Amino acid sequence: METVTMYRPCNQAELDLVIASNYKKWPPRLLGQPIFYPVTNEQYAKEVNAWNKMDYSKGYVTKFDVKKTFVDRYEIQKVGGSYHTEWWIPAEDLEELNDNIVGLIEVIDALE
């Protein structure tokens, strides 16, 4: 089975919900959050994480693998510099994304 690695910067509240799932899934999006934005590379995730630290006092970068057959349904969006790339996954597809995570969601960086 082929997988794609995704990175997700998140704040403490979101990470707490990931921990509550035993590092197996992302929580549902909040009202006003129609898209889930995992990014394609660690460098970009760390930059976004620095913004989270400014806004929330803490920030975390996570890494997780998703079945390629699921990821291939979504185009990679370039939103800034050459490595500022991410997937735009509609909130209604988040549970299906969770079902396609292979392994666990890992915390790979923290800013406090």
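The model shown is predicted, which means the values in this text are computed figures rather than measured ones.
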CA sep, side-chain torsions, deciding dist, call: V4, F64, side chain to side chain contact (heavy atoms under 4.5 Å, CB included):
CA-CA 8 Å; V4 173; F64 57 104; over 6 Å; no
Quick check: do [X] and [Y] have side-chain heavy atoms less than 4.5 Å from each other?
X: T62; Y: C10; result: yes
X: M6; Y: E86; result: no
X: L94; Y: N98; result: yes
X: T3; Y: K68; result: no
X: D109; Y: K46; result: yes
X: W26; Y: S21; result: no

Ignoring hydrogens and geometry, is there a side-chain-to-backbone donor-acceptor pair from N41 to Y44 under 3.5 Å?
yes
Under 3.5 Å, is there a donor-acceptor pair between the side chain of Q33 and the main chain of L30?
yes
Residues D16, Q12; criterion side chain to side chain donor-acceptor pair (under 3.5 Å); working and verdict:
CA-CA 6 Å; D16 288 345; Q12 185 68 58; 2.7 Å; yes
Mind running side chain to side chain contact (heavy atoms under 4.5 Å, CB included) on T40 and I76 for me, showing each step along the way?
CA-CA 8 Å; T40 64; I76 293 175; 4.0 Å; yes
Between atom CG of L15 and atom CG of N11, what is the distance when rounded to the nearest 0.5 Å?
8.5 Å
Between atom OH of Y74 and atom CG of D72, what is the distance when rounded to the nearest 0.5 Å?
11.0 Å
According to a 4.5 Å side-chain heavy-atom criterion applied to Ile, Leu, Val, Met, Phe, Trp and Tyr, with indirect links allowed, do L17 and V107 form part of one hydrophobic cluster?
no
If two hydrophobic side chains count as joined below 4.5 Å and joins carry through other members, does Y60 share a cluster with L104?
yes
Any Lys/Arg nitrogen of R8 or E106 sitting under 4.0 Å from an Asp/Glu carboxylate oxygen of the other?
no
Between W88 and F36, is the ring centroid distance below 6.0 Å?
no
Do D93 and R73 pass the side chain to side chain contact (heavy atoms under 4.5 Å, CB included) test, and can you show the C-alpha distance, the side-chain angles, and the key distance before you say yes or no?
CA-CA 11 Å; D93 294 352; R73 297 179 0 200; 4.0 Å; yes
For E92, does the CD atom have more than 12 heavy-atom neighbours from other residues, nucleotides or ligands under 6.0 Å away?
yes
side-chain hydrogen bond (donor to acceptor under 3.5 Å, both in side chains) with T5: which residues, sequence neighbours excluded?
D65
Determine, stepwise, if the pair V102 / K67 fulfils side chain to side chain contact (heavy atoms under 4.5 Å, CB included).
CA-CA 7 Å; V102 176; K67 292 177 187 173; 3.8 Å; yes
Any salt bridge (Lys or Arg N to Asp or Glu O under 4.0 Å) involving residues 18-37? Give me the pairs, sequence neighbours left out, ordered by first then second residue.
E14-R29
Closest non-hydrogen atom pair between G59 and N49, with its separation:
C-OD1, 2.7 Å
If you compare all heavy atoms of P9 against all heavy atoms of A45, which two are closest, and at what distance to 0.1 Å?
CB-O, 3.7 Å
Any side-chain donor-acceptor pair under 3.5 Å between Q43 and Y7?
no
